[in-house]
> 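Sharing a structure with you now.
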Protein chains: 2
Amino acid sequence: MASIKDVAAEAGVSVATVSRVLNDHPSVSDDARTRVQAAVRTLGYRPNAVARSLRTDQTRTLGLVISDVMNPYFTELARSVEEAARALGYSVIIGNADERPELQDHHVRTLLDRRIDGLLVSPTDGGSPLMLEAARAGTPMVFVDRWIPGVDVPVVRADGRAAIRDLVAHLCGLGHRRVAIIAGPAATTTGSERVQAFREALAEYGVPLPDAYIGQGDFQAESGRRVTEGFLDLPEPPEVVFAADNLMALGALDAMRARGLRVPSDIALAAFDDIPWFVHTDPPVTAIAQPTGELGRAAVHALIDRIEGRPPQSVTLPARLVVRRSCGENPDQNPDQNPDQNREENREENRGKKQTPVQRSTS
Amino acid sequence: MASIKDVAAEAGVSVATVSRVLNDHPSVSDDARTRVQAAVRTLGYRPNAVARSLRTDQTRTLGLVISDVMNPYFTELARSVEEAARALGYSVIIGNADERPELQDHHVRTLLDRRIDGLLVSPTDGGSPLMLEAARAGTPMVFVDRWIPGVDVPVVRADGRAAIRDLVAHLCGLGHRRVAIIAGPAATTTGSERVQAFREALAEYGVPLPDAYIGQGDFQAESGRRVTEGFLDLPEPPEVVFAADNLMALGALDAMRARGLRVPSDIALAAFDDIPWFVHTDPPVTAIAQPTGELGRAAVHALIDRIEGRPPQSVTLPARLVVRRSCGENPDQNPDQNPDQNREENREENRGKKQTPVQRSTS
DNA sequence: CCTCCTCGTGGAATCGATTACACGACTTCG
DNA sequence: CGAAGTCGTGTAATCGATTCCACGAGGAGG
């Protein structure tokens with residue numbers, strides 16, 4: 001591969017001049033500039049980013065460590081992060097932790113070794129020494145979605161409290177009293193917060209949340225299945241299961257189906273995180289939608305502010321309830337109009353560019 | 001950040017010795033070794049991968065350029081690629097082309113600038129000059145899923161011919177005669193091959209595939225919706241729609257639902273690419289499953305063989321039909337047992353790490 | 001006409017590693 | 001006892017860029 005020396009030789013100038021042309025430094029004669037450009041073209045020269053990074057001590061690269069790429073929520077987050085970063089001239093390297101702390105550490109270490117300019121993390125656990133140390137050592141860092149309490153790092157996330165309250169109102173309005181939750185790992189903020197918000201909202205309606213109705217999941221489908229089976233084996237099974245993420249909801253649905261239960265008539269289901277497929281599941285699943293694209297963009301901006309020396313800001317955006325049919329039909333609703341219609345449009349608009357006038361069938 | 005010089009100073013040796021310890025070169029005294037290790041620990045030293053790459057001219061990094069991360073098929077592919085690469089000591093940088101040739105080019109260029117050791121590509125189009133040039137210039141490269149005819153690069157992919165023939169048999173067995181297909185872009189191999197295989201299989205059953213029943217999609221949900229609406233507006237709409245990927249199937253389902261049609265009684269649906277959600281859609285969707293994990297692993301191995309100087313091999317693995325209910329109930333089926341049950345188990349087993357018999361061809 | 005800028009340019013140091021080569025201290029053996 | 005290895009180590013070149021500094025040519029101003 002041609003190097004800057006070859007270009008310099010071809011153009012009959014020094015490497016310094018070539019470098020100046022490449023970084024369009026003002027003090028280069030027109031003559032030299034054109035000769036260099038011609039040489040670049042004939043040699044098909046491309047600057048070596050590795051060498052450049054070594055010298056300038058910046059890689060124009062962001063690291064993104066997420067808990068699980070296979071989770072559509074994180075996939076979308078990753079996509080929006082990459083998009084926003086690209087618009088600002090940065091690349092993104094994604095590390096998939098698969099909800100495993102040691103894998104998360106592996107990726108953080110690798111990214112740090114590569115001297116990425118900044119790190120976006122959605123921590124799998126309470127924070128490994130490595131990550132804490134990196135934050136303290138001054139690595140530009142921003143938490144997305146989940147965070148680690150007590151660490152001085154900006155956080156970009158959605159607040160689900162209001163939406164969870166709406167969900168509880170919806171459930172209670174439908175007459176449900178025995179509600180259960182499949183929680184995420186207690187070590188994650190989203191894992192514990194969602195349970196707490198749910199419990200508080202239920203308390204407002206005088207509905208208890210007994211320990212037997214709190215199942216411990218790990219944000220993966222399999223745990224949703226396992227926990228749901230536990231619920232169904234209870235002498236008095238719950239009437240509603242609320243899964244703290246979409247994968248555990250998938251697992252819950254599997255478990256219910258395996259028992260031959262009908263949703264929502266036999267048991268109701270709701271999920272945190274909305275995804276396109278929830279429109280088409282049987283039945284369509286009531287879910288809490290996060291403004292994923294916004295979150296990704298805000299996180300990138302916060303991180304790049306930090307990198308470029310501007311004060312970064314934490315951001316909290318509201319999540320919202322999207323009512324579908326998995327918790328039962330709302331009797332108050334005017335039967336003339338499709339109850340889901342409005343909400344659905346809002347949701348789609350929220351999700352991105354694709355406009356989708358989705359209409360519910362009565363199947 | 002501490003550099004190798006700092007470590008050398010701390011340990012009272014030269015940088016050469018430190019480097020030798022780091023790369024565990026045999027000729028270092030035990031005394032020096034322990035002193036260096038201690039220094040590394042007290043300074044929290046980590047070698048700078050950028051500097052190392054510049055010197056050794058290898059990054060131990062693979063680039064993966066895929067057509068659309070939001071497509072669960074590619075997400076899973078990306079995941080398995082990263083996993084396999086990590087096991088062999090390589091990192092992966094993912095570039096998402098979003099089915100846009102210019103974005104694909106952007107990523108290929110960026111990855112090449114970073115001097116990745118090899119490139120895994122699922123081309124969005126017929127191949128940009130940039131990519132062709134890179135392949136010709138000797139950049140280690142392997143195509144996954146899709147490929148570019150006439151380019152001398154190993155290909156790792158699934159062959160859907162047999163599964164498509166099984167699908168056609170299934171459809172004809174159910175009495176369907178008017179079948180339509182939502183094709184992918186003709187510029188992609190998967191786009192054109194699937195149509196051709198479908199046409200050929202139908203011909204064996206004496207069923208024609210008129211032009212009006214071939215819709216042009218772009219592998220995105222929106223196009224599936226648009227094409228399906230076109231089909232439904234036909235004076236004689238098809239009885240079956242076969243979508244060439246899972247996202248277009250989602251769009252098709254949207255369109256059918258919007259018209260108030262029942263699946264499969266009013267119209268049947270099948271898809272290429274199986275995903276976990278198809279089990280839970282209404283109705284569960286009959287699909288052709290690719291051995292995604294295997295594909296990712298095989299691709300990484302082929303690429304690393306190429307990088308490390310061993311002869312790389314093209315690999316073709318079989319895809320398989322997973323029958324669910326979206327094309328209608330099979331009348332031959334014994335009504336006592338759930339027809340979906342058995343097949344479902346097969347599918348799950350297929351999706352996991354279990355290895356499928358590999359069929360190889362030399363490219 | 002001489003001095004002082006400005007401008008374009010090149011030489012060389014530098015970033016943080018790896019590694020060829022040289023060298024001194026020891027061991028081994030004729 | 002001297003020649004020939006062997007072993008551990010250090011010096012310095014190198015990878016491909018960026019950038020400080022010096023320098024010569026030419027223009028402006030006194």
Side-chain angles (χ1 to χ4, degrees), chain A residues 1-37 39-40 43-61 89 91 109-117 137, chain B residues 1-40 43-61 89 91 109-117:
Chain A
M1 190 126 234
S3 86
I4 196 170
K5 270 193 206 138
D6 304 316
V7 177
E10 173 80 17
V13 296
S14 72
V15 292
T17 300
V18 176
S19 174
R20 279 190 273 258
V21 171
L22 261 33
N23 299 285
D24 45 36
H25 186 86
S27 136
V28 180
S29 67
D30 288 348
D31 176 52
R33 187 183 311 278
T34 50
R35 289 222 310 287
V36 168
Q37 283 162 344
V40 165
L43 294 175
Y45 169 76
R46 296 247 76 213
N48 183 328
V50 175
R52 193 199 292 254
S53 292
L54 176 61
R55 183 60 237 249
T56 62
D57 199 38
Q58 50 159 326
T59 50
R60 291 200 77 82
T61 302
S91 300
R109 201 185 322 270
T110 313
L111 291 167
L112 256 23
D113 284 356
R114 284 166 182 266
R115 302 300 193 266
I116 44 139
D117 293 340
Chain B
M1 193 128 232
S3 85
I4 196 171
K5 271 194 207 137
D6 304 317
V7 177
E10 172 81 18
V13 297
S14 74
V15 292
T17 301
V18 177
S19 177
R20 281 189 272 259
V21 172
L22 261 32
N23 299 286
D24 43 38
H25 186 87
S27 130
V28 180
S29 68
D30 288 346
D31 175 53
R33 187 182 311 280
T34 49
R35 289 224 309 288
V36 168
Q37 283 162 344
V40 164
L43 293 174
Y45 168 77
R46 296 247 75 212
N48 183 329
V50 174
R52 193 199 291 255
S53 293
L54 177 60
R55 184 61 235 251
T56 61
D57 199 37
Q58 51 158 326
T59 50
R60 292 199 78 80
T61 301
S91 299
R109 202 184 322 271
T110 314
L111 291 167
L112 257 23
D113 285 355
R114 286 168 179 264
R115 302 299 192 267
I116 43 139
D117 294 340

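By convention in this document, chain letters (A, B, ...) are assigned in the order of the sequence lines, proteins followed by strands, and residues within each chain are numbered from 1. All values below were derived from every heavy atom in this structure, side-chain atoms included, with hydrogens, water molecules and symmetry-related copies excluded.
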> Just to be sure I understand the rule, does B:Val13 reach a base, reach only the sugar-phosphate, or reach nothing, if contact means heavy atoms closer than 4.0 Å?
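If one applies the 4.0 Å heavy-atom cut-off, B:Val13 turns out to touch the sugar-phosphate alone, with no base involved.
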> Can you tell me how far apart CD (B:Glu10) and CG (B:Leu43) are? Round to the nearest 0.5 Å.
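It is 5.0 Å, given to the nearest 0.5 Å.
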> Below 4.5 Å, heavy atoms only, C-beta onward: do A:Asn48 and A:Ser3 meet side chain to side chain?
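No; the side chains remain at least 4.5 Å from each other.
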> Students often get this wrong, so: under 4.0 angstrom with heavy atoms, is B:Ser19 touching a base, only sugar-phosphate, or nothing?
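Contact class for B:Ser19: base.
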> Of the residues in residues 44-58 of chain A, which ones touch DNA chain C at a heavy-atom distance under 4.0 Å?
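Those residues whose heavy atoms fall under 4.0 Å from DNA chain C, taken from residues 44-58 of chain A in numerical order, are A:Leu54, A:Arg55.
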> Can you tell me how far the CZ atom of A:Arg33 sits from the CG atom of A:Leu22, to the nearest 0.5 Å?
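The CZ atom of A:Arg33 sits 11.0 Å away from the CG atom of A:Leu22.
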> Looking at B:Arg114 and A:Ala49, would you say the former's side chain and the latter's main chain have a donor-acceptor pair under 3.5 Å?
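A pair under 3.5 Å: no.
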> Taking all non-hydrogen atoms of both residues into account, name the closest pair between A:Val50 and B:Leu54 and its distance.
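Smallest interatomic distance, heavy atoms only, reads CG1-N, 3.6 Å.
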> Tell me what B:Ser3 touches on the nucleic acid: a base, only sugar-phosphate, or nothing, going by heavy atoms under 4.0 Å.
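Sugar-phosphate contact only - B:Ser3 comes under 4.0 Å of backbone atoms but never of a base.
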> Once rounded to the nearest 0.5 Å, what's the spacing between atom CD1 of B:Ile116 and atom OG1 of B:Thr110?
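Those atoms lie 10.0 Å apart.
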> Distance check, rounded to the nearest 0.5 Å: B:Asp113 atom CG versus B:Arg115 atom CZ?
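Taking CG in B:Asp113 and CZ in B:Arg115, the distance rounds to 6.5 Å.
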> Just the endpoints, please: which first and last nucleotides of DNA chain C, 5' to 3', lie under 4.0 Å from a heavy atom of chain A?
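Nucleotide range in contact with chain A: C:dG8 to C:dG16.
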> Starting at CZ of A:Arg55, measure out to CG of A:Asp57 and round the result to the nearest 0.5 Å.
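Going from CZ on A:Arg55 over to CG on A:Asp57, the span is 10.0 Å.
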> Could you check B:Gly12 against A:Ala2 and say which one's nearest nucleotide on DNA chain D is further toward the 5' end?
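Closer to the 5' end of DNA chain D: B:Gly12.
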